[in-house]
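Below you'll find the structure, written out as structure tokens, and then a few comments.
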Protein chains: 2
Amino acid sequence: MDKVPSRRSDRGYHHGDLRRALLTAAMELLDKQGIDAVTVRAVAREADVAHSAPANHFRDRTALLTQLAVASFQELIQDVDDVCARSRATKREQIEAFAEVVLRFAFTYPHRYRLLWRADCIDQSSAGFQTSGGAVYGRLRQIMETGERSRQMSLDTQVVAAWSLIHGYISLRLDGTLIAGKDEQTGEPRERAIVGVLLDGIGAEY
Amino acid sequence: MDKVPSRRSDRGYHHGDLRRALLTAAMELLDKQGIDAVTVRAVAREADVAHSAPANHFRDRTALLTQLAVASFQELIQDVDDVCARSRATKREQIEAFAEVVLRFAFTYPHRYRLLWRADCIDQSSAGFQTSGGAVYGRLRQIMETGERSRQMSLDTQVVAAWSLIHGYISLRLDGTLIAGKDEQTGEPRERAIVGVLLDGIGAEY
DNA sequence: TTATCCATATTGACAGTGTCCATATCCAAT
DNA sequence: ATTGGATATGGACACTGTCAATATGGATAA
């Protein structure tokens, strides 16, 4: 595997693999310092190129951030698929596993998760974004449509409820509004308890 | 009620009520053009004062935005209290009414609602912010602790589940991830349907 | 009334940003 | 070998937040 010299003085006029280098640097900045730190110029500095070099690979800052979001979605999808590959007995367990994966991703990479929902930073009309974002929702829908279903509400309502609950809990935790905790009655982690509320609410079989 | 001249040329060196004027201008910018448009300088321009005049009333941009958030929370609290004043028969109806109020606020003032959760724009340690933000959560908790409760989970788990679901649904709608819709089975608005999921999940009596 | 103080407003400056432009470089295809 | 086209550079511009020095004038004290 050919390595591209990282220092400007060690390489020629052209970088060789700048696009990838920019994405790597940008993701690192995102993880370590948050969205605001991912400026075009800071990313260029990290990659040791001129401040306007990124323009050759990304139309603007939004395009760069959109690519980070797409990459994040794809990683999340991968995580979900990895877990779902191990077949589980009940639908209830599958939904619990899905929630666990998303929660783990969000708490491991809080800034990446936040970026996914920053409409002001992302080109939501981008095909890549819509596809990868839709795929996550699709995975959950796929899980929830299997087996018996409540006849009291449509599948989409169940999926929207599940997604809203999980996403809402994560958002509140990442914002600092909520803190980790346990159910005072059962002692189980709060996130497990609220997923239980959801499962009971949609009437998921055991 | 004394009016302060709005045009710079129509008033003296001092404005008279600049703090209020700045908050008004800032809220207007927020509603019309979103958080990014609320820059210190743009607000100063709207109020027709020098670009650094706001510094005398708000330490920095964060302080200004924090005040907008506090004002928004207070308005939301007012709305909640107005609705809850009209006593309702069942706990279920009260929770539904709470959700309806928050949903209406969020869809009426989307940028205000978004600002409430922008940790990067707000001084979350501010006393006013913590108080007003906590008050909303407190109102919901108050509603949910009345009457009979499920013995399967703690009150806080129920409240967290409710708040997560409502907040998550709103966030997804405001981000454009979800669109308004009806339950394909019952025909009721999706937001009502998912609140129904919650109510069933926590075992709320009718 | 007059003098002084202090909150408030102004102007100017600086560093940082995104983005455009003209220019420089170099690889690759003709 | 020459010529394009892709990519990188450096400079420029308008905008941002924030700081510092200065100007103003109302309120208070003498």
Side-chain angles (χ1 to χ4, degrees), chain A residues 2 4-26 29-30 33-69 115 118-123, chain B residues 2-26 29-30 33-68 115 118-123:
Chain A
D2 295 358
V4 174
S6 59
R7 289 189 195 165
R8 215 191 301 212
S9 49
D10 296 348
R11 68 166 161 84
Y13 192 90
H14 291 93
H15 181 283
D17 196 11
L18 183 53
R19 189 188 157 87
R20 184 170 307 276
L22 291 172
L23 285 173
T24 303
L29 276 171
L30 176 63
Q33 299 178 250
I35 296 175
D36 285 352
V38 186
T39 69
V40 173
R41 295 173 101 108
V43 171
R45 276 193 298 272
E46 287 301 306
D48 198 39
V49 289
H51 67 268
S52 64
N56 293 303
H57 303 276
F58 303 97
R59 180 188 307 277
D60 52 23
R61 180 173 185 256
T62 298
L64 174 59
L65 290 175
T66 300
Q67 284 313 302
L68 294 186
L115 174 63
R118 280 291 295 273
D120 57 327
C121 291
I122 280 180
D123 175 15
Chain B
D2 296 0
K3 265 225 172 168
V4 174
S6 57
R7 289 191 195 162
R8 215 165 178 173
S9 48
D10 296 349
R11 67 164 162 84
Y13 192 91
H14 290 93
H15 181 284
D17 196 11
L18 183 52
R19 188 188 159 88
R20 184 171 308 274
L22 291 171
L23 285 173
T24 302
L29 276 171
L30 176 64
Q33 298 179 248
I35 296 176
D36 285 352
V38 185
T39 68
V40 173
R41 296 172 100 109
V43 172
R45 276 194 298 272
E46 288 300 305
D48 198 39
V49 290
H51 65 267
S52 66
N56 292 303
H57 303 274
F58 303 97
R59 180 188 307 276
D60 51 24
R61 180 174 185 255
T62 297
L64 174 59
L65 290 175
T66 300
Q67 283 313 301
L68 294 186
L115 173 64
R118 282 291 295 275
D120 56 327
C121 292
I122 280 180
D123 175 16

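Just so it is clear, the model here is predicted, and its values are computed rather than measured. Hydrogens, waters and symmetry mates are skipped; everything else that's a heavy atom, side chains included, is used. Reminder, nothing fancy here: chain letters follow the sequence lines and each chain counts from 1.
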Interface polar pairs with nucleotides 11-15 of chain D, N/O, under 3.5 angstrom:
{"residue": "D/dG11", "atom": "O6", "partner": "A/His51", "partner atom": "NE2", "Å": "2.8"}

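For A/Leu18 and C/dT25, the CG to C1' distance is 15 Å, given to the nearest whole Å. Atom CG of A/Asp17 and atom P of D/dT7 are 11 Å apart (whole Å). One interatomic measurement links the two molecules: CG of B/Asp48 to P of C/dT11, which rounds to 11 Å at whole-angstrom precision. Here D/dT18 presents its C1' atom at 15 Å from CG of B/Leu65, a figure rounded to the nearest Å. Across the protein-nucleic acid pair, A/Phe58 atom CZ and C/dG18 atom C1' stand 16 Å apart, rounded to whole Å. We find that CZ of A/Arg61 is positioned 10 Å from P of C/dT17, with the value rounded to whole Å. The CZ-C1' distance, from B/Arg19 to C/dT8, rounds to 14 Å in whole Å. Nucleotide D/dA20 holds its P atom 14 Å from the CG atom of B/Asp60, rounded to whole Å.
Listed by chain and number, the residues in a salt bridge (charged side-chain N to carboxylate O under 4.0 Å, His left out) with A/Asp120 are A/Arg118, B/Arg118 (sequence neighbours excluded).
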Inset, instruction - Take B/Gln67 and B/His57 through the side chain to side chain contact (heavy atoms under 4.5 Å, CB included) test and state the conclusion after the steps. - result: CA-CA 11 Å; B/Gln67 283 313 301; B/His57 303 274; over 6 Å; no
Inset, instruction - Walk me through it: do B/Leu64 and B/Leu23 pass the test side chain to side chain contact (heavy atoms under 4.5 Å, CB included)? - result: CA-CA 8 Å; B/Leu64 174 59; B/Leu23 285 173; 4.0 Å; yes
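Comparing C/dT11, C/dT19, C/dA9 by their closest approach to the side chain of B/Ala50 singles out C/dT11.
Put simply, the side chain of B/Asn56 and the base of C/dA9 share a donor and an acceptor less than 3.5 Å apart.
Expressed to the nearest 0.5 Å, how far CD1 of B/Ile122 lies from CG of B/Leu68 amounts to 8.5 Å. Taking CG of B/Asp123 as the start and OG1 of B/Thr62 as the end, the distance is 7.5 Å to the nearest 0.5 Å.
Of the residues listed (B/Val43, B/Thr66, B/Val40), the one engaging B/Arg61 in a side chain to side chain contact (heavy atoms under 4.5 Å, CB included) is B/Val40, and it is the only one.
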